[in-house]
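Down below is the structure, laid out as structure tokens.
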Amino acid sequence: RHNRQSRMQVSGNVKNWIVTGTYKIKCPVIEKDYGEDEDRSLTIFVEKGQLFAQFNMGIIEGYMRLERHAKDVQRAEFEDEDVSYDPYDSDRRSPTPEEFHLENVTMPSPECPSWNYRWRGTDTGCGENQIDSEKKLYKMTFLEPLGTKIEGVFGSDFHKDCAFTAHKISTGKPYDGNISEAWAELSEDAISY
């Protein structure tokens, strides 16, 4: 009970959630097909105006880049940019990176709890990068109390889209390294055949 109260105190207040930290993931579809795994987790960081997450879904581990949901009025300034995705354009590190850039870092809140994300990752069995993973946009919603619970959807080559929930188990710490570089290292351009 004391640990839960501590997490709540550093998770912000009613208007301003602080969602950085580590969440324990539960995904019934993956658990049914691949067994329970105590290491399934999601750790959210802020770096250079972007929300990133490092994740381990048991069968895949990697990184997510989060963006405000299209209904967020603070995101409206980015919606006029018509950015097409060309997977062979080596000057671009992700599809629609402009949509992911958040001028002033904002966090999910009661007014804007739903955020989109794309992911890049590696198959934990054979170590192969999941090349097309970032081409699909997924969604996660931060819930009360204070964004300490997440409901979302995750999909990969191994299974269709499936629902997951996550509960905050620890508060945020800075990422040990450069998460932007870690994201770039999982791009199609970074893979050498």
Side-chain angles (χ1 to χ4, degrees), residues 7-8 10-27 30 40-57 60-83 85 92-121 130 133-156 161-175 179-180 182-184 186:
R7 282 192 307 275
M8 295 296 288
V10 294
S11 292
N13 57 46
V14 175
K15 285 188 166 191
N16 301 303
W17 294 346
I18 300 171
V19 299
T20 55
T22 300
Y23 295 74
K24 174 99 173 108
I25 295 174
K26 296 292 283 176
C27 183
I30 293 176
R40 284 194 186 98
S41 63
L42 175 76
T43 303
I44 298 175
F45 305 95
V46 174
E47 182 181 287
K48 298 179 185 174
Q50 305 232 328
L51 281 180
F52 283 90
Q54 184 175 22
F55 73 91
N56 180 342
M57 292 297 263
I60 294 176
E61 58 187 15
Y63 299 92
M64 298 174 177
R65 289 179 79 173
L66 287 78
E67 68 174 351
R68 292 183 196 106
H69 193 272
K71 293 180 181 176
D72 180 359
V73 294
Q74 294 180 359
R75 183 176 176 253
E77 65 189 272
F78 299 108
E79 298 216 353
D80 292 336
E81 298 178 23
D82 184 19
V83 181
Y85 175 54
R92 309 264 320 241
R93 293 188 323 180
S94 92
T96 64
E98 293 80 2
E99 291 180 13
F100 283 104
H101 183 70
L102 310 176
E103 292 286 327
N104 297 314
V105 176
T106 61
M107 295 283 175
S109 66
E111 293 81 28
C112 185
S114 295
W115 284 53
N116 295 325
Y117 75 90
R118 297 182 196 273
W119 68 269
R120 290 180 179 170
Q130 299 296 297
S133 61
E134 71 179 288
K135 292 180 182 174
K136 184 166 182 183
L137 190 63
Y138 293 93
K139 181 177 131 178
M140 67 174 70
T141 302
F142 293 83
L143 303 168
E144 294 284 0
L146 304 177
T148 57
K149 179 180 178 184
I150 299 171
E151 291 181 352
V153 175
F154 181 83
S156 75
D161 295 357
C162 57
F164 72 87
T165 58
H167 295 273
K168 194 171 194 176
I169 58 172
S170 68
T171 57
K173 295 178 182 168
Y175 181 73
I179 200 162
S180 297
W183 172 263
L186 290 172

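Because only heavy atoms are used, hydrogens play no part in the values below, and waters and symmetry mates are left out as well, while side chains stay in.
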Worksheet entry | Option among Tyr23, Tyr175, Phe52, Phe55 that satisfies the side-chain contact (heavy atoms from CB on, under 4.5 Å) test with Ile44 | Tyr23
Discussion item. If I compare all heavy atoms of Ser156 with all of Tyr138, which pair ends up nearest, and what's the gap?
Written reply: N-OH, 4.3 Å
Worksheet item: Can you check whether Pro113's main-chain N or O pairs, donor with acceptor, with Thr141's side chain at less than 3.5 Å?
Response: no
Worksheet entry | Partners passing salt bridge (Lys or Arg N to Asp or Glu O under 4.0 Å) against Lys136 (at least two apart in sequence or in another chain) | Asp161
Fill in: Beyond-backbone contact of Gln50 with Ile179, side-chain heavy atoms, under 4.5 angstrom
no
Discussion item. If we ignore hydrogens and angles and just use 3.5 Å, is the side chain of Lys26 paired with the main-chain N or O of Arg40 as donor and acceptor?
Written reply: no
Worksheet item: How far apart are the closest heavy atoms of Trp183 and Arg65, and which atoms are they?
Response: CE2-CD, 2.9 Å
Discussion item. Check for me whether the distance between the ring centres of Trp17 and Phe142 falls short of 6.0 Å.
Written reply: no
Worksheet item: Just one of Leu51, Leu143, Leu66 clears the side-chain contact (heavy atoms from CB on, under 4.5 Å) bar with Pro108, so which one?
Response: Leu51
Discussion item. For a quick test of reading the model, state the closest non-hydrogen atom pair linking Arg118 to Lys135 and the distance between them.
Written reply: NH1-O, 3.5 Å
Item to complete: Grab the two heavy atoms, one from Gly121 and one from Ser133, that are nearest each other, plus how far apart they are.
Response: N-OG, 4.1 Å
Worksheet item: Counting distance only, does the side-chain N/O of Tyr117 pair as donor-acceptor with the main-chain N or O of Met140 below 3.5 Å?
Response: no
Worksheet entry | From CD (Glu67) to CG (Leu137), nearest 0.5 Å | 5.5 Å
Item to complete: Kindly determine whether Met107 and Val46 satisfy side-chain contact (heavy atoms from CB on, under 4.5 Å), including the steps that lead there.
Response: CA-CA 10 Å; Met107 295 283 175; Val46 174; 3.4 Å; yes
Practice prompt. Could you check Asn56, Thr22, Thr20 and say which one makes a side-chain hydrogen bond (donor to acceptor under 3.5 Å, both in side chains) with Thr43?
Written response: Thr22
Item to complete: Start with the C-alpha gap between Leu146 and Lys168, add the side-chain angles, then the distance that decides, and say whether side-chain contact (heavy atoms from CB on, under 4.5 Å) holds.
Response: CA-CA 10 Å; Leu146 304 177; Lys168 194 171 194 176; over 6 Å; no
Fill in: Atom of Ile25, atom of Met57 and distance for their closest heavy-atom approach
CD1-SD, 3.5 Å
Worksheet item: With the threshold set at 4.0 Å, does a side-chain nitrogen-carboxylate oxygen contact exist between Glu151 and Lys149?
Response: yes
Worksheet entry | Closest approach of Met64 to Trp119 (non-hydrogen atoms, all atoms of both residues) | CG-CB, 3.9 Å
Worksheet item: So do the side chains of Ser41 and Gln54 get within less than 4.5 Å of each other, counting heavy atoms only?
Response: no
